[in-house]
K.L.:
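Below is the structure I would like to discuss, written out as structure tokens.
Each residue takes its place number in the sequence, starting with 1.
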Amino acid sequence: MHTPDTAAPDTAAPFAATPDTAPRTAPGTPADSESGAFWERHYAGLDAHWGTSPNAVLAGLVTDLAPTPGTALDLGCGHGGDALWLAGRGWDVTAVDVARTALDRVAAGARAAGVAERVHPVRHDLALTFPDGRFDLVCATYFHTPVEIPRAQVLRRAAAAVAPGGLLVVVEHGSVAPWSWQNGTEVRFPAPEEVRAALDLGPDWLTERCHTPQRTATGPGGRTATVTDIVVALRRTDRPGDAAD
């Protein structure tokens, strides 16, 4: 579900998946669904190298707020730009998407980059299933979809998956880029404070970032545009066992 707005260099070499790096499908995830069908079509129409560079906002937040690698969960990982970047810096990353095509490309990219042992692509329909465990970093970058899903519930489950002392990063579109699948539609963008409030968190969270920065984004064909991001980064401060999910 991760629709990036930065492209990888055109000089990237093609890669192919191999059986030992193939993604797995989580139990309870349907073979097909409306969400899966939409995102399969979406990624089938994209160049395999599109979205293999990390999101600049996430990279900056991790560098500033979580410089020591640990375990990470990347929700809606797309072609894996964030997951591969994190793995290259020592993170052990569970990369989740509903589109098998995207996950196949993540697995192949991880192998090509020499980080396959630290990238674990898993197919989830997050409306129905969610990864087990706790993670030092949980990120949902541009977790948008035109398909109806319980998005607020998914993001609350994302918060519950953050380990004590860990970081939750939610980066959302605060404007529509000219090349976005949302272009031409009426979109209401929430304030970052609304995004944080919708997570319905307890008191044991520290707000590290809650703002709407602007940046220059690069789209297909090298097109550029000034875009706005909604950025919420929260640190879980409770001790193990203090909070119930």
Side-chain angles (χ1 to χ4, degrees), residues 1-4 17 21-44 46 48 50-52 54-55 58 61-62 66 69-88 91-111 113 115-163 166-172 199 245:
M1 293 183 185
H2 180 185
T3 303
T21 60
R24 65 181 181 87
T25 297
T29 299
D32 196 12
S33 65
E34 183 182 1
S35 182
F38 174 85
W39 288 104
E40 281 293 340
R41 290 193 302 270
H42 176 79
Y43 285 107
L46 288 181
W50 172 251
T52 54
N55 174 261
L58 177 71
L61 290 171
V62 171
T71 57
L73 174 62
D74 184 7
L75 299 175
C77 65
H79 281 168
D82 295 340
L84 297 178
W85 181 85
L86 288 166
W91 289 83
D92 189 83
V93 186
T94 298
V96 171
D97 207 282
V98 72
R100 179 67 186 227
T101 294
L103 292 173
D104 284 341
R105 292 170 177 175
V106 172
R111 183 175 176 84
V115 295
E117 74 281 0
R118 292 197 294 275
V119 177
H120 315 289
V122 187
R123 184 173 176 271
H124 278 274
D125 186 329
L126 291 169
L128 301 172
T129 61
F130 197 90
D132 294 328
R134 292 285 184 92
F135 302 85
D136 301 306
L137 170 67
V138 178
C139 53
T141 55
Y142 309 126
F143 183 66
H144 301 276
T145 176
V147 180
E148 186 67 28
I149 65 170
R151 187 173 181 276
Q153 177 183 329
V154 172
L155 291 178
R156 284 193 287 270
R157 295 187 73 177
V162 178
L167 193 68
L168 172 68
V169 174
V170 179
V171 181
E172 302 189 353
L199 295 170
D245 294 343

K.L.:
For R151, enumerate each residue passing the side chain to side chain donor-acceptor pair (under 3.5 Å) test, keeping only those at least two apart in sequence or located in another chain.
P.N.:
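Partners of R151 by the side chain to side chain donor-acceptor pair (under 3.5 Å) criterion, ordered by chain and then number, come out as E172.
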
K.L.:
Do the non-hydrogen side-chain atoms of P131 and L126 ever get within less than 4.5 Å of each other?
P.N.:
yes

K.L.:
Calculate, to the nearest 0.5 Å, the distance between atoms CG and CZ belonging to L75 and F135 respectively.
P.N.:
8.5 Å

K.L.:
How would you list, by chain and number, every residue that makes a side-chain contact (heavy atoms from CB on, under 4.5 Å) with T29, sequence neighbours excluded?
P.N.:
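Applying side-chain contact (heavy atoms from CB on, under 4.5 Å) to T29 gives T25, A26, R123, H124, D125, T129.
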
K.L.:
Do C77 and L103 pass the side chain to side chain contact (heavy atoms under 4.5 Å, CB included) test, and can you show the C-alpha distance, the side-chain angles, and the key distance before you say yes or no?
P.N.:
CA-CA 8 Å; C77 65; L103 292 173; 3.7 Å; yes

K.L.:
List in chain and number order the residues that pass side-chain contact (heavy atoms from CB on, under 4.5 Å) with V115, two or more places apart in sequence or in another chain; answer none if no residue qualifies.
P.N.:
L84, A87, A110, A113, R118, V119

K.L.:
Within the side chain of T71, is there an N or O that forms a donor-acceptor pair under 3.5 Å with the backbone of D136?
P.N.:
yes

K.L.:
How far does CG of L61 sit from OG1 of T141, to the nearest 0.5 angstrom?
P.N.:
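Nearest 0.5 Å value for the CG-OG1 distance: 10.5 Å.
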
K.L.:
For the atom pair OH (Y142) and CG (D82), what is the distance rounded to the nearest 0.5 Å?
P.N.:
9.0 Å

K.L.:
Identify the heavy atoms of W91 and A66 that sit nearest to each other, and give their distance.
P.N.:
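Closest heavy-atom pair between W91 and A66: CZ2-O, 3.4 Å.
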
K.L.:
Tell me which one of V162, V93, V62, L73 satisfies side-chain contact (heavy atoms from CB on, under 4.5 Å) with L137.
P.N.:
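Output: one option passes, namely V62.
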
K.L.:
Who pairs with R156 by side-chain contact (heavy atoms from CB on, under 4.5 Å), at least two apart in sequence or on another chain?
P.N.:
A152, Q153, D200

K.L.:
Which atom names give the shortest non-hydrogen contact between G78 and V106, and what distance separates them?
P.N.:
O-CG2, 3.2 Å

K.L.:
In Å, rounded to the nearest 0.5 Å, how long is the span from NE2 of H79 to OG1 of T101?
P.N.:
7.5 Å

K.L.:
Taking C-beta and beyond as the side chain, do L168 and L199 meet within less than 4.5 Å on heavy atoms?
P.N.:
yes

